Amino acid sequence: MFAEKLKKRGEAQWEIAPFGKMRVPIIIFADEGLIRDMDEQVYQQAANVAALPGIVKASYAMPDAHWGYGFPIGGVGAFDPDAGGVISAGGVGFDISCGVRSLHTGLTYDQIKGNEKELADLLARRIPAGVGSESKLRVTSLEMDDMLQGGALWAVEQGYGHRADLRRIEENGRMLGAEPRYVSDHAKQRQEKEVGTLGSGNHYLEVQRVAAVYSDDLAKAFGLALNDIMVMIHCGSRGLGHQIATDYLAKMIKVAREEGIELADKDLACAPIKSEVGKQYYGAMCAGINCALANRQVLMHLTREAFAQIYSRANLTLLYDVSHNTCKVEEHEIDGHKKKLYVHRKGATRAFGPGHPSLPEDLQASGQPVLIGGTMGTASFILAGTTEGMTLSFGSCCHGAGRAMSRSQATKRWHGKDVVMHLAQKGIIIKGASPRGIAEEAPGAYKDVTAVVNATEIAGLARKVARLEPLICVKG
DNA sequence: ATGTAC
């Protein structure tokens, strides 16, 4: 019923005009192939988002979009607080500030060739991964609020990494506006042993080789060259973020009912930005962002320690750290006027263009590095934000390959052991916490990441800089 | 995503 309403709007850009209770159109970024295979539920969920109070311009779906809890994963929606706009826990997702960090190792492929197995064993031993994985680091209840206020800055102050890392993290490694008092004791308790752990699902730590460079200028600006060895870390806010989402989804269902906000789907629970629960969720969610930033900072430190054990010449520097499950207050131009909006990005990466004031000086000319994690057996990409993207999608783009198949479908089709063997034949070492987890994450369960990234570039949301191919994957 | 169904 939605697919037949699609109108091609531009290169890799489609629109569904508002109908029913939609206040704004749906805009989907995808090529012909991706749009043909797009799950009808993505349109339904994007339409539900388009019907929420205070939504501005459009309800967006990225090329990697798929069904999610309330909002589609790969969905972007911006809300105006002065027009009754809402904030939604489902619009951020359960894994608050799930994101990707990319490190340059200072090594080239020649320097690690032949040592892959040793490096893989070392990383797997040092990086806690899997369901309920525990860290050697303990954050006591006394320190918890400092961590939730300080983010990666807190981690650096505890001895995990360097101050220089912070300028290559969104928000300089510390999200302002965090309000630990609005995070439940239960959520904090769940995090005590989990700072510096990978978690499970699609989370991983990967050692990668730069296999292609698409723009010499941008690669130079990002310090990348062919055959450089990089590390990509994908994880989020673990138990704490999950508990914040659980706590506030329940509160928001109640508030939405009291405020007379009609919800097409109860999973889309939300509260007016200016309501008490709306403000509390925002403060708690910012604390969740800091938790994820601290988590990735500690994991980077563990990675540095592992590399230092084998390679005295390794020098791991942070290229960038992006979150792809957030709601952020940003200034965007609407009808010629600057407006402060609450931009939800769920399974969508911020992709700010050149000259944006929030970028560090040495990235002003290039635009923001955009990190796209692919699947174990395929490739990941580094892109750069564009000026065009700022008006096309509030400076947002895809976040990964995007699931094409549910986890249960994937476990019926593949066995973890076979996936590991198949990837070994391609020269990729997988260190997995669970065979079932590996089956769920089989490359075949995902869309084609190359198609997703190409559609993103054709639409103008970001520019391709480099392709990374996996050598070692420590899987949650 | 998640102490993978408090």
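These figures come from a predicted structure and were not determined experimentally. First the proteins, then the strands, lettered A, B, ... as listed; each starts at 1. Hydrogens, waters and symmetry mates play no part in the numbers below; they use all other heavy atoms, side chains included.
Here B/dT2 presents its P atom at 17 Å from CD of A/Gln189, a figure rounded to the nearest Å. Straight-line distance from the CD1 atom of A/Ile73 to the P atom of B/dT2: 13 Å, rounded to whole Å. Here B/dT4 presents its C1' atom at 13 Å from CZ of A/Arg403, a figure rounded to the nearest Å. Across the protein-nucleic acid pair, A/Arg436 atom CZ and B/dT2 atom C1' stand 12 Å apart, rounded to whole Å. What separates CD of A/Glu441 from P of B/dT4 is a distance of 17 Å, to the nearest Å. In this structure, the CG atom of A/Asp247 is 16 Å from the P atom of B/dT2, given to the nearest Å. What separates CG of A/Leu198 from P of B/dG3 is a distance of 13 Å, to the nearest Å. For A/Arg407 and B/dA5, the CZ to P distance is 12 Å, given to the nearest whole Å.
Atom CZ of A/Arg463 has 12 or fewer neighbouring heavy atoms from other residues, nucleotides or ligands inside a 6.0 Å radius. Counting non-hydrogen atoms of other residues, nucleotides and ligands closer than 6.0 Å to NE2 of A/His332 gives a total above 12. Within a 6.0 Å radius of NZ in A/Lys188, other residues, nucleotides and ligands contribute more than 12 heavy atoms.
Each of A/Gly201 and A/Val131 was assigned the nucleotide of DNA chain B with the nearest heavy atom; the assignment lying further toward the 5' end belongs to A/Gly201.
Of the candidate nucleotides B/dT2, B/dT4, B/dG3, B/dG3 has the atom lying nearest to any side-chain atom of A/Arg190.
No hydrogens or angles were tested; on distance alone, nothing pairs the side chain of A/His242 with the base of B/dG3 as donor and acceptor under 3.5 Å.
Under 4.0 angstrom from either OP1 or OP2 of B/dT2 there lies no side-chain N or O belonging to A/Thr246. Residue A/Arg238 has a polar side-chain atom (N or O) positioned under 4.0 Å from OP1 or OP2 of B/dT2.
Nucleic acid contact for A/His186: base, since at least one base atom lies under 4.0 Å from a heavy atom of the residue. Using a 4.0 Å heavy-atom distance criterion, A/Glu194 is classed as a sugar-phosphate-only contact.
Partners of A/Thr197 under the side-chain hydrogen bond (donor to acceptor under 3.5 Å, both in side chains) rule, at least two apart in sequence or in another chain, are A/Arg238.
Taking the six-membered ring for Trp and thresholds of 30 and 60 degrees, A/Phe29 and A/Tyr60 have nearly parallel ring planes, at less than 30 degrees apart.
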